[in-house]
Amino acid sequence: MTLRIYNTLTRTKDPFTTIEPGKVRLYVCGPTVYAEAHIGHAMSALVFDIVRRYLEWSGYEVNYVMNYTDVDDKIISKANQLGEDPFALAQRYIDDYAQNLADLNVKPATLNPRATQEMDCIQNMIARMLEQNRAYAVDGDVYYRVAADKNYGQLSGRKLEDMNAGSRVQVDDRKENPMDFALWKSAKPGEPAWDSPWGKGRPGWHIECSAMNYHHLGEQIDIHGGGNDLIFPHHENEIAQTEAITNKQFATFWMHNGMLTLKNEKMSKSLGNIISIKEFLSQHPADVMRLLVLSGSYRGPLVYGEDVLNQAEQVLKRLLGAKKPADPDAQGLSADRDQHLKDTAAKTASAFKEAMDDDFNTSGALAAIFELVKAINQARSDGATSAQLAHPISVFNEFTGVLGLKLEEPSSAGAESDANAFIDLLVKLRSDLRAEKNWALSDKVRDGLKSLGVVIEDHKDGSSWSWERN
RNA sequence: GGCGACAUGGCCAAGUGGUAAGGCAAGGGUCUGCAAAACCCUCAUCAUGGGUUCGAAUCCCAUUGUCGCCUCCA
């Protein structure tokens, strides 16, 4: 069984191949840094983190490049609004974004290039397009000549004549074709600008990604990823620019994640329904966000809401439960029950791989993991020893790790964790009360701790407690 | 107006020709002093209408509905 990936370019699941054997060149469009990242960004980052982790687990060496677009109209206008230097503002949000990713347990990219550090490459590419008449300069601006590109629209499946450019935005009449897009924009006074053969200015929106790809990964890459809202025009234009210069197929695979929506509406500033990553993580563990993504197809929309959130919380509890230790007094499983457990572990391992190989079918992979969870729980309640549980639990850890789940026991942060010793004391006292069959008082202790977020579980040989996840 | 995606039980969600994975919730049971956790059992014929086929959730056509893109967007 080999990995198959849904390719936006071909609209089918194609067998995965790489340009260099065993190595993957993966580029994912990162954010334009002008505001706090929201959980939609988180979804995209998590999707490609999972892709990356699975490819690495499958034995590939992954060169993962995720860019920051750090010069752009929105950054400039936000900076003006705040009276802040646009570069300082961009840096602030880059640091912020990197921290968000770390908090989400997203593995750092191999490289995080930035648009502002690629000016030579950007200008070289524009110059070559001009030389080949694939672009034209007007009053310090440079535009890509769409009409000269017979493949334009290959990714988004559009034809030039079908698109009604300007229906919602004023068309610049200096353009030869309304669909022509800017490679270089002349600077207005007070804007950040770089010298260029066409006058002072800055790059257009799409060229920076073409340049960063070209510079850091080469003329051709294996996978290009991003949100499906980038298919047109951003990715279409990236292809146009790069292929205009190389005359080679730019990316073999184009992967696009679906949008996270709130009550069937896309998150947007105008609707005022943005939930930032920071805000989310202040209320939920990172694993919950990841489980939200894992529970469905990465290509489809993810409808965010109270109900799915609660379900993800429950799922996380169940996963955590699988890691509970064996009963110290366990009698041990019979040889054939033990063998059965091993067989189940092997079976779920192949089911996991089969699901993931089918275009990263994470909900199928999760189902395989749950089969293992059930087997582990069954074995534990049938008296498996910790030695007997060790192997299936290590398989469980391996696969949840491939999906990027941390599965840490919840703990109460900061000063509250100093309470642990006191809670231990209360729980011990309660055990004494139970030994005396003083149910009224022992239940009072349990209820009291429960209301403080501490859950007690009684076992044959004593009681354990844990912080309630919230 | 153009392009595209999707529609599976109360909820989330796999499944592209042979009679529906998994999870959450719910109900019943075991365990427990009572709980909690865990375990066992129960719980769908796949938007609608046609068609192809021995046989379709899975292929084709139509209808309805939802969403995305065509402007900045992960």
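First the proteins, then the strands, lettered A, B, ... as listed; each starts at 1.
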* Verify the contact: side-chain N or O of A/Arg318 to OP1 or OP2 of B/C39, cut-off strictly under 4.0 Å; return yes or no. =>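 Answer yes for this pair, as a side-chain N or O of A/Arg318 is under 4.0 Å from OP1 or OP2.
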* OP1, OP2 of B/G15 versus side-chain N and O of A/Asn361: anything below 4.0 Å? ->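 Answer yes for this pair, as a side-chain N or O of A/Asn361 is under 4.0 Å from OP1 or OP2.
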* **B/A56 and B/A20, which share atom name C1', separated by this distance in whole Å** =>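 12 Å, rounded to whole Å.
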* Asked: Which residues, if any, of residues 96-110 of chain A bring a heavy atom under 4.0 Å of RNA chain B?
  -> none
* Asked: Near RNA chain B, which residues from residues 369-379 of chain A have a heavy atom under 4.0 Å away?
  -> A/Phe370, A/Glu371, A/Lys374, A/Asn377, A/Gln378
* Asked: Paired with B/U42 by Watson-Crick or G-U wobble geometry, both distances under 3.5 Å: which nucleotide is it?
  ->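 With both distances under 3.5 Å, B/U42 matches B/A26.
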* Base paired to B/A5 (Watson-Crick or G-U; both N/O distances under 3.5 angstrom) ->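 B/A5 is paired, partner B/U66.
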* To do: Carefully, step by step, assess A/His224 and A/Phe250 under the rule ring-ring contact (aromatic ring centres under 6.0 Å, His included).
  => CA-CA 9 Å; A/His224 192 127; A/Phe250 173 31; 5.7 Å; yes
* When you measure from the side chain of A/His38, which nucleotide among B/A74, B/C12, B/C24 comes out closest? ->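 Of all the options, the side chain of A/His38 is nearest to B/A74.
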* Measure distances between side-chain N and O atoms of A/Arg446 and base N and O atoms of B/A36, and say whether any donor-acceptor pair falls under 3.5 Å. => no
* Check: B/C34 base within 3.5 Å donor-acceptor of A/Asp458 side chain ->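 For A/Asp458, whose side chain was compared with the base of B/C34, there is a donor-acceptor pair (under 3.5 Å).
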Output side-chain donor-acceptor pairs under 3.5 Å for residues 299-310 of chain A, partner residues at least two apart or in another chain, one line each.
from, atom 1, to, atom 2, distance (Å)
A/Arg299, NE, A/Asp359, OD2, 3.0
A/Arg299, NH2, A/Asp359, OD2, 3.3
A/Asn310, ND2, A/Glu306, O, 3.4

* **A/Ile231 or A/Val455, whichever maps to the more 5' nucleotide of RNA chain B** => A/Val455
* Structure fact -> Closest to the 5' end of RNA chain B, once A/Arg299 and A/Arg380 are matched to their nearest nucleotides, is A/Arg299
